[in-house]
Every structure is written in C-alpha cells, then in structure tokens.
J.: 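Mind having a look at this structure? Questions to follow.
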Amino acid sequence: MTQDPLLAGLAALAADAPEGLYDRIAARWIRMPSRVGELTVAFTDHGVAYVHHGDGFAATFRKRFGRPLVESGRPPSGLMTALRTGRVGGLRLDLRGLSDFQRDVLTAAGSIPRGEVRPYSWIAARIGRPRAVRAVGTALGHNPVPLLIPCHRVTRADGDPGGYVFGAQAKERLLLDEGVDLAGTRELAEANVFYLASDTTGIVCFPTCHNARRITARHRRGFRTLADAAKAGYRPCRVCRPAA
DNA sequence: TCGGTGGCCCTTA
DNA sequence: ATAAGGGCCACCG
C-alpha cells in the first residue's frame with residue numbers, strides 16, 4: 001500500500017487542489033491497542049470507518065472500501081478511550097456505503113448499554129423486520145466498526161453468546177469485561193428462564209437489564225417466554241423493551 | 001435434553 | 001439475475 005500508484009496520483013492531485021480534498025478521498029489508518037488485542041483502525045474525515053483485527057488489514061480494506069490509505073500518526077480524538085472502555089462518547093463514525101438495513105441493525109445494536117445483552121431477534125423486532133433475524137446476524141457479522149458499535153452485546157436467544165467477527169472467545173471476554181454475568185444467564189437458560197420479573201412492580205425485563213438486576217431474590221420471578229409473563233400479568237420493561 | 005431442520009431474508013458471487 | 005449461505009430461531013422427536 002505504500003507504493004500504491006493510485007495513491008501517489010491522488011496525492012499529486014491534492015497538491016494543487018483545495019485544502020482537504022485529499023482527505024475527502026483517502027482514509028488514514030493507525031494501529032491501536034484494545035481489550036481484544038491490537039487493532040488496525042481506518043478513518044476518514046467523516047469518522048472511523050473500519051476496525052480490523054488480525055492480519056490482512058490493507059487487502060480487506062481495499063476490497064471493502066476501495067479507497068486509498070495513508071498511515072496516520074495520531075488517532076481521532078476519543079478513539080483510544082472508546083476502544084479501552086467501550087464508551088464511544090462523541091467519537092464520529094463513517095457509516096457511508098452501508099445499506100439501510102445494515103445501518104438500522106447497527107443503530108439498534110448501538111443502543112444496547114454496556115453490561116447488557118439483547119437477542120438477535122430483539123434487533124430484528126426493533127427495526128421493524130421481525131423475521132429478518134438471521135439477516136441481522138449476517139449484518140452484524142459485517143459490522144465495519146466492531147467494539148465501537150457493540151455488536152458483541154447481541155447474543156443468542158438460547159443463552160449462548162453466539163458468534164462474533166473477532167471470534168466467540170473475544171466476545172465472551174468483552175462481555176465479561178463489561179460486567180455481564182454470563183454464568184448467571186447460562187444458569188437461567190438451563191432452567192428455561194429468559195426473562196426476569198418483579199412481583200412488586202409487575203414489570204418483566206431481559207435478565208441483564210439494569211432494572212432486572214436490582215430485583216431482590218424474594219420478588220424475582222422467571223419466565224421462559226414473554227407470553228408466559230404477560231399471562232401472569234407482567235408488562236414489558238420500557239427500558240430494555242423485551243417486546244417490540 | 002439435544003441435535004436436526006425448515007423458515008426467513010439480506011447480501012454476494 | 002439467481003442461487004447459496006449466514007454471528008439465528010422455534011419446533012419436533
């Protein structure tokens with residue numbers, strides 16, 4: 001990529017062009033530490049466009065984005081903390097070139113708070129495509145900016161964390177790091193419990209919802225389905241929104 | 001209980 | 001343009 005003729009041509013063009021033109025065409029890349037090891041991150045003047053793990057960054061970037069690349073000495077502000085803590089803050093993302101469906105999926109995934117998880121089917125319901133559950137999985141598998149858009153917080157309905165672009169073990173590590181009680185949710189799943197309710201409030205939540213975690217043991221009730229909970233008189237939490 | 005399986009639907013080759 | 005296949009899910013035996 002260092003000897004890219006297209007890149008050289010564009011650089012030459014830019015020399016005579018208005019300030020900033022080149023930056024509108026090219027992307028910059030930089031290596032960054034993260035909770036799952038070293039990453040290569042590409043960004044444009046619109047924000048972070050691509051987060052890559054492992055080898056083959058340049059080839060994959062070229063295939064997916066077809067933009068020239070130049071190395072950068074300095075990360076965009078906020079990127080370092082976003083990667084370390086999982087809190088994105090005001091960091092800008094460049095999500096151009098994605099389909100509406102993909103953008104909808106990623107936006108919904110981005111709404112899952114740190115320390116919590118939601119099923120793939122929840123995303124599907126939230127974006128108004130309740131049957132596109134599997135397509136949600138593929139879209140998340142193509143998330144160009146993992147960690148920054150927390151697709152690792154989307155897990156399978158059966159309690160298994162499910163797959164991840166950077167590997168299932170990385171997903172588990174991230175979730176544990178964020179305070180998700182994976183052992184606890186697995187135990188619940190084994191007992192066929194996928195929702196938790198409080199008999200004092202009459203509200204039913206996803207188990208990792210911060211509201212569900214505060215239910216005291218004597219008032220906690222578990223349900224296998226939302227329908228079961230509704231039948232017992234519980235209404236869905238307005239924060240974690242277990243129903244569409 | 002668990003593995004198989006059909007359904008679903010978006011993307012890519 | 002069409003067919004295959006994917007970070008899934010619910011149901012069946």
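Each chain gets a letter, A, B and so on, in the order its sequence line appears, and its residues count up from 1.
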J.: Does CZ in A/Arg235 sit with more than 12 non-hydrogen atoms of other residues, nucleotides or ligands closer than 6.0 Å?
T.: yes

J.: Determine whether more than 12 heavy atoms belonging to other residues, nucleotides or ligands lie under 6.0 Å from atom CD of A/Glu38.
T.: yes

J.: Among A/Val145, A/Asn143, A/Thr107, which residue meets the side-chain contact (heavy atoms from CB on, under 4.5 Å) test with A/Leu95?
T.: A/Val145

J.: Can you tell me the distance, in whole Å, between the CD1 atom of A/Ile127 and the P atom of C/dC8?
T.: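 The answer, rounded to whole Å, is 16 Å.
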
J.: Of the nucleotides B/dC10, B/dC8, B/dT11, which has the atom closest to the A/Arg131 side chain?
T.: B/dC8

J.: CZ of A/Arg74 to CZ of A/Arg28: how many Å apart, nearest 0.5 Å?
T.: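 Between atom CZ of A/Arg74 and atom CZ of A/Arg28 there are 9.0 Å.
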
J.: Quick check for you: among C/dG7, B/dT1, B/dC9, whose closest atom lies nearest to any side-chain atom of A/Asn192?
T.: B/dT1

J.: Grab the CD-P distance between A/Glu190 and B/dT1 for me, whole Å please.
T.: 9 Å

J.: Mind calculating the distance between CH2 (A/Trp122) and C1' (C/dC9) to the nearest angstrom?
T.: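 Those two atoms, CH2 and C1', are 17 Å apart.
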
J.: Is the shortest side-chain N/O distance from A/Arg129 to OP1 or OP2 of B/dC9 below 4.0 Å?
T.: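 Answer is no, no contact under 4.0 Å.
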
J.: Under the criterion side chain to side chain contact (heavy atoms under 4.5 Å, CB included), I'd like the reasoning laid out for A/Arg213 against A/Glu116: C-alpha separation, chi angles, the key distance, then a yes or no.
T.: CA-CA 10 Å; A/Arg213 286 182 301 200; A/Glu116 303 188 21; 4.2 Å; yes

J.: Between C/dC8, B/dT11, B/dC9, which one does the side chain of A/Val133 approach most closely?
T.: C/dC8

J.: Between the base of C/dG5 and the side chain of A/Arg134, is one N or O donor paired with an acceptor at under 3.5 angstrom?
T.: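 For A/Arg134, whose side chain was compared with the base of C/dG5, there is no donor-acceptor pair (under 3.5 Å).
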
J.: Classify A/Tyr120 by what it touches in the nucleic acid, base, sugar-phosphate, or nothing, heavy-atom distance under 4.0 Å.
T.: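 Answer is base: heavy atoms of A/Tyr120 come under 4.0 Å of a base.
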
J.: Rounded to whole Å, how long is the line connecting atom CZ of A/Arg103 with atom P of B/dT11?
T.: 11 Å

J.: Could you give the CD1-to-C1' distance, from A/Ile123 to C/dG6, as a whole number of Å?
T.: 16 Å

J.: How far does CZ of A/Arg214 sit from CG of A/Leu196, to the nearest 0.5 angstrom?
T.: 14.0 Å

J.: Verify, without hydrogens or angle tests, whether A/Arg224 (side chain) and A/Asn192 (backbone) share a donor-acceptor contact under 3.5 angstrom.
T.: no

J.: For A/Ser121 and A/Thr138, find the nucleotide of DNA chain C closest to each by heavy atoms; which residue's nucleotide sits nearer the 5' end?
T.: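 Nearer the 5' end of the strand: A/Thr138.
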
J.: Quick one: A/Arg64 CZ to B/dT11 C1', roughly how many Å, whole number?
T.: 12 Å

J.: Is the distance between the ring centroids of A/Tyr234 and A/Phe223 less than 6.0 Å?
T.: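 Aromatic pair counts; centres sit under 6.0 Å.
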
J.: Short question: side chain of A/Thr208, backbone of A/Val117 - any donor-acceptor pair under 3.5 Å?
T.: yes

J.: Taking CG from A/Leu140 and C1' from C/dG6, how many angstroms apart are they, rounded to a whole number?
T.: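 One finds 12 Å between C1' of C/dG6 and CG of A/Leu140, rounded.
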
J.: Could you check how far CG of A/Leu98 sits from C1' of B/dC10, rounded to whole Å?
T.: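 That distance rounds to 13 Å.
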
J.: Picking from B/dT11, B/dC8, B/dA13, which would you name as closest to the side chain of A/Gln102?
T.: B/dT11

J.: For Watson-Crick and G-U wobble pairs within 3.5 Å on both distances, what is DNA chain B written in dot-bracket notation, | included for inter-strand pairing?
T.: .||||||.|||||

J.: Short of 4.0 Å, heavy atom to strand atom, which residues of residues 145-165 of chain A count as contacting DNA chain B?
T.: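 Residues of residues 145-165 of chain A under 4.0 Å from DNA chain B: none.
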
J.: Would you check if A/Phe61 and A/Arg67 make a side-chain contact, meaning some heavy-atom pair closer than 4.5 Å?
T.: yes

